[in-house]
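Excluded from the calculations below are hydrogen atoms, water molecules and symmetry mates; all remaining heavy atoms, backbone and side chain alike, are included. Naming: A, B, ... by sequence-line order, numbering from 1 per chain.
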Amino acid sequence: MIDVRDLTKVFPLSGGRELTAVDRVSFSVEAGEVYGLLGPNGAGKTTTLRMLLGLLSPTAGYAAIDGFRSVDFPDEVKRRVGLVAANAGLYQYLSPREMLLFFADLYGVPVADAQRELDRLVQLLGLGDFVDQYCATLSTGQRQRVNLARALIHRPPVMLLDEPTLGLDVLGTQVITEFIEHLRGEGKAVILCTHHLDEAERICSRFGLMHRGRIVAEGSLAALREQTGCATLVEMFLKLSVRGPILARVEF
Amino acid sequence: MPYTELPAPNPHERLTRLGRLTLKELREILRDRRTIVTLVLMPLLLYPLLTIAFQQFFVAQLSTVETQRLTIGFRDRQEGHYLSQVLDLGGLGVVDVDQEPPPMADGSAPKVIVEAGVRPELEFGLKEYDIHVGLRLIDPQRLQFDPQTDLAVDVEVLCRDDWRESLDAAALIEKHLRAASDKFLAARLSKLGVTQRAVPIETRRRVVVDAEAGSGSIQIMAVIPFILILMTVTGAVYPAIDLTAGERERGTLEILVAAPIPRVGVLFAKYVAVLTVALLTAAANLLTMTITLSVSGLGRLLFGEHGISPGVIAAVFGLLLLFAAFFSAVLLVITSCARSFKEAQAYLIPLMLVSLAPGMLSLLPHVKLSGLLLVTPLANIVLLGRELLALKADGTSALIVVGSTVLYAGAALALAARIFGAESVLYSSQPGWSDLFRRPKLPQPVPTLTAGVLGLAVIFPLYFFLINLLGTRVGIGRQLLWGALVMAVVFGAVPLAICWMRRVQIQRSFRLPDRALVVFAGAVLVGLSLWTIDHELVVLSQRLRHVTLRVDFLEKITAFAAGLRLFPAAIVVLAVAVIPALFEEAFFRGFLFGALRRSTTARTAIIGSALAFGFFHAITPNPLAAERLLSSTLTGIVLGWVRWRTGSVLPGLLLHACHNGLLVLLMYFEPELTARNIGVSSDVHLSTAWSIAGVASVAVGAALIAIAGRPAEADVEAPLSIQ
């Protein structure tokens, strides 16, 4: 369902310098699979997702969804993807109901279908208490649930979740985590970028550990344990990204 | 629920979706209290305050002002009595202070009342603003006033030079003292038996343009649209920022561009929302201003006894609509580049200052709506507004102003669509202007719609400016050379530059069509007979507009034709027929048609390019330009159809050159043709036989082009996607 090959993004900087944000990244995700794209801040996870969706043009390589390359068929790709970004906002003077129907319209969902899907999502994500309030009045947890519903209103087969639990309390995080399990059950291909490594360990079937724009280890948890010699994702994360390339040069 | 493929929306669904997008934007922006404050509160506060200011500063300049009272001070009663008599002889009646003057013969109030009183200390009276002017005799002993004897009286007029009314009063007194002096001298000379009149050489100044009735009110007329335009701007600024830079700041821009909808569609919905708020602001301002003018009485001073009429209100609203259409698009270009409210505001301040300059310029009474000002953004709208209020606007000027403004708005919107949601605006820390100039990586078969509209917006004003630069007082040779040069630069170099920028392979439009001989034969036949239909349409337009050809126009045409005969016919045909045909076809049917066809249906591309073609011919410097709108548009439709049918610019080029060449040769050889009794006047219908022959030839030519069929590769320019 998701195919990424040698995807590279180089940003020009002032003074003629360049920053390689993503460096020859390759992976694939099948339907019904939750893929954890993990790494420290600045590793290139978000840039990879943006290229996958066609919001950024790759410098080299390609990303494709359902056979459609994001550079050549951006609309076909966008139609198949639901994006939940950590910094995604809501329209302050619209209610969740109005906003969800608006996005359904953007994705070309017929009005009657959109209304049915809205009712289902309200039920599923527990939006009933605030679905007709202005978004400006919602709490962080409520806002993130609305964001999830917004990404799902057009019933996409692919979900890109970029830090969906950022800023949420334990209860909020639990709701989202359970919902990702539900998405897997629906047969969606999901890419999850998160810093909640214990949750990722529980939900994701395969992982790609990114550091400085490159995937430094990839596979199932068992494969990663074999590759890294570490028992948990936290240990791998520290070994591969922190102790290895960065702290090895720091004197303690 | 499993994923299901959604069917592609049809045009009707696209339109209704666009409507819903617009409603969402409007709903969001109108729920914001800041919009309501600008919309309602500002006009309620502004117009009463402005009315007070107008009354203070402008009413004094108008003809129907209150009676002015000037006070003269005399040293004592005896001198006062004497000097009042002298002034009375000079035609100035003086009354005592606090005494009402006698009514005028027609019952109206006098413009000036001169009252007099005794002030022993005249200087003190002036210092205290007690009197406007002081009068005293330098030799108070000689008070006789009898034509039987010589008279030599010296009068001192005391005034303040820092008080305009004092200076006015002094000038008035001096004028009437001179008149009294002249009368006395005339009486004295008559007594002495001299026939010479008192003032041998007398001048009379005659004011041709009445300043009070003219420039004063005209300036106020220009101030009114200017204020309304400024208020309309204030209404549009906040929504424009909120719906573009605000999206970025709120974090909704990324999820918006992640949806599979063309950016131009999203931006158009935002444009309609900004325009609607701007128009609501304009309507609120217009309503409040009308009510304020009516209640305060200023409306009667400015617009006559019946005040501001519904026709004037409608005209001004139409003008504001035009302005709002233009300015909303410009605002969206600027605010789409910004990544925050603060940044957008920083960008808009220079724009506002730049916008004020042409607006202020147009407040000057001697600035007229002509020449380059016709196509200067904002200034042309303010000047058209001034002429509408003064009921002096003419149709051709209005057409140029409206047409050029619509083009500018379209170009601005196209630019905004390129910037809105672009990579550099979404994710870069650098300003987003670079997206405007970024060349695509792959070659394009035809220009994008954006490039097409941009080309139109650059080419029309540039052509208008350059072609009028030379004037008509130079020789025919220079006119021909300049016309060809301007055509080559504007319609050749500009589209080529845009094509280079956008990597467009424009040469693909110039391929040889299938069954070229049949197609070219058809094109020649249509080109040589289309003039008959064109001619009938020009005559019809003249009749509809009740226009008759003026003698000076006919003389100009005759002189132009005679001038052409100084050059060989081949040179004339090349300069006036072939070169314009080449470059006009390259632009209208090569560049513009391709751009329209890429994003729209063939019918829309044909009609759109024909309307642009017609508008271009309507703004050319030609007394019959407005009448040519209909006929040129029809020619444009024919040429557009040929372009679509053959998939090439070349047959249309041949048709166009034949059409132009025939008309030029008819003009060139007019004396010979007239000698053989061949010819037709520009304002007379053709005979029925000529009309039938013309229509039949066009039909046969079109049939030849039609039977040649459409080449398969012509579909290369079929709609791709809206850019």
Next item on the list: Below 4.5 Å from any heavy atom of chain B, which atoms of A:L90 appear? Answer side chain, backbone, both or neither.
Entry: backbone

Notebook entry, point to check: Of the backbone (N, CA, C, O) and the side chain (C-beta and beyond), which part of B:E247 lies under 4.5 Å from a heavy atom of chain A, both, or neither?
Noted result: side chain

Note to self: Counting heavy-atom pairs under 4.5 Å with chain B, which one of A:L152, A:D105, A:L53 comes out on top?
What the structure shows: A:D105

Notebook entry, point to check: With a 4.5 Å limit on heavy-atom distance, are the side chains of A:Y91 and B:L256 in contact?
Noted result: yes

Notebook entry, point to check: Are A:M99 and B:K24 side-chain neighbours, meaning at least one heavy-atom pair lies under 4.5 Å?
Noted result: no

Check: Most heavy-atom pairs under 4.5 angstrom with chain A, which of B:I261, B:V266, B:I255?
Finding: B:I255

Next item on the list: Output the option from B:R27, B:R250, B:E28 having the highest count of non-hydrogen pairs under 4.5 Å with chain A.
Entry: B:E28

Checklist line | Side chains of A:Y93 and B:I29 in contact at under 4.5 Å (non-hydrogen atoms) | finding: no

Item checked: Minimum heavy-atom distance A:L83-B:A258, with the two atoms named -> CD2-CB, 4.3 Å

Next item on the list: Looking only at non-hydrogen atoms, find the nearest pair between A:D75 and B:P260 and report the distance.
Entry: O-CB, 3.5 Å

Notebook entry, point to check: Is any side-chain heavy atom of B:L21 less than 4.5 Å from a side-chain heavy atom of A:F102?
Noted result: yes

Notebook entry, point to check: Can any side-chain N or O of A:K78 pair as donor or acceptor with the backbone N or O of B:V257 at less than 3.5 Å?
Noted result: yes

Check: Got B:R31 and A:L94 here, is their nearest side-chain heavy-atom distance under 4.5 Å?
Finding: yes

Note to self: Is it the case that over 12 heavy atoms from other parts of the model lie below 6.0 angstrom from the CZ atom of B:F341?
What the structure shows: yes

Notebook entry, point to check: Does B:F268 CZ have over 12 foreign heavy atoms under 6.0 Å away?
Noted result: no

